[in-house]
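Take a look at the structure set out below.
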Number of protein chains: 2
Amino acid sequence: MRVTKEKAAENRERILQAAAALFREKGFEGVGVDALAAAACLSHGSVYSHFGSKEALAAEAVAHALAQSLPQLGGGADGETVPLATMVRRYLSRTHRDDPGGGCVIAALAAEGARQGEAVRAAFTEGVRRMLGGLAPAVPEDDATAREDATIAVLATMIGALILSRAVDDPALSDHILRAAGAHLLRDAPAEEVGTVPRVQSKMGSDGNP
Amino acid sequence: MRVTKEKAAENRERILQAAAALFREKGFEGVGVDALAAAACLSHGSVYSHFGSKEALAAEAVAHALAQSLPQLGGGADGETVPLATMVRRYLSRTHRDDPGGGCVIAALAAEGARQGEAVRAAFTEGVRRMLGGLAPAVPEDDATAREDATIAVLATMIGALILSRAVDDPALSDHILRAAGAHLLRDAPAEEVGTVPRVQSKMGSDGNP
DNA sequence: ATTATCTATAGATCTATAGATAATGC
DNA sequence: ATTATCTATAGATCTATAGATAATGC
C-alpha cells in the first residue's frame with residue numbers, strides 16, 4: 001500500500017523521532033530495527049526503505065536528537081545570551097537525569113558512539129563542536145585561550161556528572177553528584193544569575209531542583 | 001574433562017580478565033558469551049558453570065576491572081598521597097584514551113551501566129564511591145563541604161573529558177579536549193607538582209602527553 | 001562421588017533482502 | 001510507471017540448558 005509523499009515524509013520523521021528517543025534510552029545495541037519500526041507504527045521493512053541500514057539510521061537519529069536537545073540547553077543560534085548558571089542548572093537537573101530519552105545525546109550515547117561507524121562518529125563530533133560553541137559565550141573568562149579551555153572543562157564536567165548521576169544506584173548520591181557539580185561550576189557566578197527563569201518551556205526546562 | 005581446583009580457579013580468573021577487557025572495549029552488548037569464552041580459551045558452557053549468567057559475569061567483571069584500574073589512578077589504599085596533578089595527567093593522557101580495555105571502567109561503561117541490572121549498578125556505585133575516596137585527599141580545598149563538591153567536580157570533569165575525547169572523530173580536537181580539561185583542573189596547582197613522576201609503571205603510567 | 005568442561009541444541013532475536021501489493025504521481 | 005509499505009524468510013548470532021565425558025578429590 002503506497003502512501004502520499006507527505007505521508008512518507010511524516011513516516012520517515014516518525015522513525016527518526018522513535019530512534020532518537022529509543023537509542024538514548026536503551027543504547028544503539030539495546031534496541032532492534034523491529035522495535036524502532038513498531039514505535040513508529042511501521043514494519044521494519046519500511047525502515048530499511050527509508051534508511052538502508054541500522055547504522056545509517058543511527059547516524060541520522062543522533063544528528064536529529066542533537067538538533068532538538070541543543071536549543072534546550074539555551075545555547076541556540078539566536079543572538080540572545082543565556083547565563084551560564086541557567087544552562088548548568090538546566091543540564092544538571094533531576095528532570096534531565098531522569099529523561100535520557102529526551103535529553104543530551106552526548107551524555108546518553110557518546111561512550112557507545114566511540115565504538116560506532118564513521119557516520120555516527122561524525123555526528124557526535126559535530127555535536128560536541130556545537131555544544132562548545134553554544135556554551136562558550138556564557139563562560140566568564142577574559143583571555144580567549146583560557147575561555148576555550150574553561151568551556152571544554154565546563155562541558156566535560158556537566159556530561160561527566162550527568163553520566164555519574166545516572167550510573168549510580170543510590171538516589172541520595174545521585175542527587176549529591178548533580179548538586180555538587182553544579183555548585184562547583186557556579187562557585188563564582190554573580191548572584192543576579194541565581195533563579196533566572198528558563199528560556200524555553202521544554203521537558204528539560206523545569207529543573208526539578210528545589 | 002575435569003581439571004584441578006587450582007586450574008579451575010585460574011580459568012575463572014581468566015574469564016574475568018577477558019570479560020573486564022572486552023566489555024570495556026566493546027560494551028556489554030557488543031560482546032557475546034561465546035567471544036568471552038574464546039578469549040579465555042574455554043567453551044561458553046564453562047562460562048555458565050562459573051558465573052551462571054552473562055549479567056552475573058558482567059557485575060563481577062566490573063568489580064574486577066575496578067579493583068585493577070583504581071590503584072593505577074594513584075588513589076590506592078596505601079598511606080602515600082599522590083598529588084592531584086599526577087592523577088589528572090595520568091587519567092587525561094592519550095595512553096589512557098587509547099586503551100579503553102585497560103582503563104577506567106566508569107568512563108568506558110557507566111553510561112551503559114545505567115541500563116543494566118541491580119548487581120552491575122551496585123558495582124558501579126561502589127566504584128564511584130571508591131574513586132571519590134581516592135581523589136578527595138588530593139583536592140586542595142580548606143572547607144570540608146567545598147572539598148567534597150570539588151572532588152565530585154574533578155571526577156566528573158575527568159570522566160566527561162575522557163569520554164568526549166574518545167567519542168570525537170578528529171584527533172586534534174580529541175587531544176585538545178584532554179589538554180584543556182587537564183589545564184583547567186590544574187590551573188592553580190602549585191608549580192612543584194608539574195612533572196611529577198608517575199607512581200606505578202602500568203599501562204596507564206606513562207602519560208603520552210609531551 | 002563429585003565436578004569442571006565440552007558438545008549439541010533449543011529457542012529467541014536480530015539485520016537484511018526479495019518479492020508482492022496497492023495507491024500515488026505523472 | 002513509480003514507489004512506500006508489508007510479508008516472508010534467509011542467515012547469523014546470542015543466551016541458556018541438558019547431558020555426556022573424564023579426571024580430580026575423598
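Letters A, B, ... mirror the listed sequences (proteins, then strands); counts begin at 1.
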Q. Taking C-beta and beyond as the side chain, do A:Leu162 and A:Ile177 meet within less than 4.5 Å on heavy atoms?
A. no

Q. Under 3.5 Å, side chain of B:Ser93 to main-chain N/O of B:Arg90, donor-acceptor pair present?
A. yes

Q.
Please list all pairs meeting side-chain hydrogen bond (donor to acceptor under 3.5 Å, both in side chains) that have one or both residues in residues 20-34 of chain B, counting only residues at least two apart or in different chains.
A. none

Q: Hey, could you give me each pair passing salt bridge (Lys or Arg N to Asp or Glu O under 4.0 Å) that has a residue in residues 54-65 of chain B? Not counting sequence neighbours.
A: B:Arg12-B:Glu60

Q. Any side-chain heavy-atom pair from B:Asp175 and B:Arg97 closer than 4.5 angstrom?
A. yes

Q. Can you list, by residue number, the residues of residues 42-61 of chain B that have a non-hydrogen atom closer than 4.0 angstrom to DNA chain D?
A. B:His44, B:Tyr48, B:Ser53, B:Lys54

Q) Does any pair with a residue in residues 150-159 of chain A pass side-chain hydrogen bond (donor to acceptor under 3.5 Å, both in side chains), and if so which ones, sequence neighbours excluded? A) A:Thr157-B:Thr157

**Q.** A:Leu42 vs A:Val47 side-chain heavy atoms within contact, under 4.5 Å
**A.** no

Q. Say you draw a straight line from CG of A:Asp98 to OG1 of A:Thr95; how long is it, rounded to the nearest 0.5 Å?
A. 7.0 Å

Q: Please round to the nearest 0.5 Å and tell me the distance separating atom CD1 of A:Ile15 and atom NE2 of A:His50.
A: 5.0 Å

Q) Do A:Met131 and A:Cys104 have side chains that get closer than 4.5 Å, going by heavy atoms? A) yes

Q | Outermost nucleotides of DNA chain D that come under 4.0 Å of a non-hydrogen atom of chain B | A | D:dT15 to D:dG25

Q: Give, ordered by number, those residues of residues 32-41 of chain B having at least one heavy-atom distance below 4.0 Å to an atom of DNA chain C; if nothing qualifies, reply none.
A: none

Q. Is a salt bridge present between A:Arg121 and A:Glu118, judged by a nitrogen-to-oxygen distance below 4.0 Å?
A. no

Q: Kindly write out the residues that satisfy salt bridge (Lys or Arg N to Asp or Glu O under 4.0 Å) with B:Arg2, not counting sequence neighbours, or none if the list is empty.
A: none

Q.
A side-chain contact here means heavy atoms from C-beta on lying under 4.5 Å apart; do B:Glu13 and B:His64 qualify?
A. yes

**Q.** Duplex segments of DNA chain C, taken as runs of at least three Watson-Crick or G-U pairs that stay under 3.5 Å
**A.** C:1-24 with D:1-24

(Q) What residues from residues 14-25 of chain A pass a heavy-atom cutoff of under 4.0 Å to DNA chain C? (A) none

Q: Identify, with sequence neighbours excluded, every residue that meets ring-ring contact (aromatic ring centres under 6.0 Å, His included) alongside B:Phe28.
A: B:Phe23

Q. So, do A:Met87 and A:Met158 sit near enough that their side-chain heavy atoms are less than 4.5 Å apart?
A. no

Q: Return the residues of residues 4-13 of chain A meeting this criterion: a heavy atom under 4.0 Å from some atom of DNA chain C. Order them by number, or give none.
A: A:Thr4, A:Lys5

Q) Does A:Arg187 come within less than 4.0 Å of B:Asp149, counting only side-chain N to carboxylate O? A) no

Q. Which residue pairs pass the salt bridge (Lys or Arg N to Asp or Glu O under 4.0 Å) test with at least one member in residues 101-117 of chain B, sequence neighbours excluded?
A. A:Glu112-B:Arg115, A:Arg115-B:Glu112

